[in-house]
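Lettering of chains follows the sequences in order, A, B, ..., and the numbering in each one begins at 1.
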2 protein chains.
Amino acid sequence: MSRWRPGARERLEEAAIELFVEQGFAATTVPQITARAGLTTRTFFRHFADKREVLFGGDEIPGMATRMIEQAPAGDDPMTVILDGLRAVTAARFEGRRDELRVRREIVRSDPGLRERDLRKRDSLRLAISAGFQARGIDPLRAALLAETAVMLLFVSFDEWLDQPGDRTLITIIEDALTALRQAIA
Amino acid sequence: MSRWRPGARERLEEAAIELFVEQGFAATTVPQITARAGLTTRTFFRHFADKREVLFGGDEIPGMATRMIEQAPAGDDPMTVILDGLRAVTAARFEGRRDELRVRREIVRSDPGLRERDLRKRDSLRLAISAGFQARGIDPLRAALLAETAVMLLFVSFDEWLDQPGDRTLITIIEDALTALRQAIA
DNA sequence: TACGTGATGACATCACGTGTCATCACGAGC
DNA sequence: GCTCGTGATGACACGTGATGTCATCACGTA
């Protein structure tokens with residue numbers, strides 16, 4: 001038998017989300033989280049840089065984007081690379097998790113600080129995509145525009161996907177959004 | 001003679017920026033700022049919600065956007081409304097302030113927390129534009145895409161504008177960026 | 001058996017941010 | 001000219017977030 005129960009990080013994440021739902025993010029203190037998880041305050045900050053990070057841990061989407069842009073066939077058009085990437089990301093990290101992601105979005109929406117962190121995560125993705133395209137020889141301004149477009153398509157469609165009453169897949173909504181975007185800015 | 005020297009808010013802003021440049025944002029404490037401004041810590045938080053806000057105060061760009069979309073001629077195409085709006089915003093708040101905005105960008109870039117706040121300000125602009133277009137009868141998804149596009153054009157071009165060695169105006173760079181965007185996603 | 005390693009606990013400390021009450025200048029109204 | 005409301009500030013206390021530092025203990029390895 002170990003001195004400590006394993007899975008400290010996971011227990012902290014679960015306890016935190018439970019408490020955020022029960023009493024709100026701001027009203028939840030780190031000692032409350034660690035008490036429920038059976039750990040100390042100091043240990044919480046060894047696993048998470050700050051209180052918000054417990055909701056955003058383990059998000060490797062920027063890394064996925066970097067790899068997929070690297071490995072895309074050399075001749076592929078950038079928009080093709082983006083759509084293939086979005087197809088892979090949505091399948092791996094979004095489809096089938098709609099209820100869980102709705103709960104998470106509700107928590108994030110309830111607190112401006114969490115909203116800020118969420119936006120920074122999106123910005124990390126933007127940076128990764130932009131750097132990836134620049135590595136393929138695309139000029140910085142064009143790479144930035146492509147990255148912004150990819151992130152816009154993903155998250156505008158993400159909200160639509162969570163809000164819709166039906167069961168359209170996220171990638172379908174993204175493809176329609178791209179069509180609507182082309183028409184809107186023409 | 002007043003009991004207090006006037007312009008408390010302005011003095012706090014100046015002292016804060018000086019200290020951020022001298023010793024960095026994180027290393028600067030609120031008591032240091034208020035000591036230089038001749039005020040107390042408590043007064044600082046009466047003028048600014050938190051330490052970061054001292055760099056982002058008085059930014060009424062979302063309000064400008066709301067008004068301009070409201071007052072735009074009914075028959076105008078959304079992209080025309082956006083370009084007219086960007087023309088007005090850049091003239092009022094950007095052109096002629098390049099050096100000052102470069103200093104500010106350098107401070108914001110140096111700290112992840114400031115970067116987060118900056119992204120939230122951009123998000124407020126997004127929300128204002130999206131709401132404005134919805135009020136004109138445009139459906140939510142299309143309004144969101146237009147808002148994202150407008151903000152993308154402004155800030156991608158803003159970085160280009162600050163980085164360029166020459167003197168191209170911001171609105172010129174924005175117009176070129178729109179052309180490049182249309183071509184990139186076609 | 002001894003030792004290095006890694007995760008955790010225990011404790012101290014600082015800065016951020018807020019609630020609360022007192023203080024004082026200014027202007028409105030009588 | 002007096003009183004009183006208003007608004008900005010000072011003064012003080014305090015909870016919480018976040019970090020540095022050292023001790024502790026299980027485990028694996030030689």
Whole-Å distance, A/Q32 CD to D/dG17 C1', equals 13 Å
- Query: C/dT8 phosphate, OP1 or OP2: any side-chain N/O from A/T43 under 4.0 angstrom?
  - Reply: no
From NZ of A/K51 across to P of C/dC16 the rounded distance in Å is 17 Å
note: B/L39, atom CG; C/dT23, atom C1'; distance rounded to Å ~ 16 Å
Against the side chain of B/R42, the closest entry in C/dA10, D/dC12, C/dC16 is D/dC12
A/R122 to A/F155, cation-pi by 6.0 Å centre distance and 45° axis angle
yes
Side chain to side chain, A/R168 and A/D176, heavy atoms closer than 4.5 Å
yes
B/R52 CZ to C/dG17 P, in whole Å, measures 7 Å
So the salt bridge (charged side-chain N to carboxylate O under 4.0 Å, His left out) pairs with at least one residue in residues 131-140 of chain B (sequence neighbours excluded) are none
Check: Is the distance from OP1 or OP2 of C/dT8 to the nearest side-chain N or O of A/H47 less than 4.0 Å?
Finding: yes
Of D/dG10, D/dA18, C/dA15, the nucleotide closest to the side chain of A/D50 is D/dA18
From CZ of A/R117 across to P of D/dG17 the rounded distance in Å is 14 Å
The reported gap from CZ in B/R9 to CD in B/E14 (rounded to nearest 0.5 angstrom) is 13.0 Å
Between B/A8 and A/F45, whichever has its closest DNA chain D nucleotide further toward 5' is B/A8
Separation of D/dG17 atom C1' from A/L114 atom CG, nearest Å, is 14 Å
- So, does the side chain of B/R46 form a donor-acceptor pair with the base of D/dG7 at under 3.5 Å? no
A/F44 CZ to C/dA10 C1', in whole Å, measures 19 Å
When rounded to whole Å, the CZ to P distance for the pair A/F48 and D/dT19 reads 14 Å
query: Is the cationic atom of B/K51 (NZ for Lys, CZ for Arg) positioned less than 6.0 Å from the six-membered ring centroid of B/F44 and within 45 degrees of its normal?
result: no
Original post:
How would you label the contact of A/T28 with the nucleic acid (heavy atoms, under 4.0 Å): base, sugar-phosphate, or nothing?
Top reply: sugar-phosphate
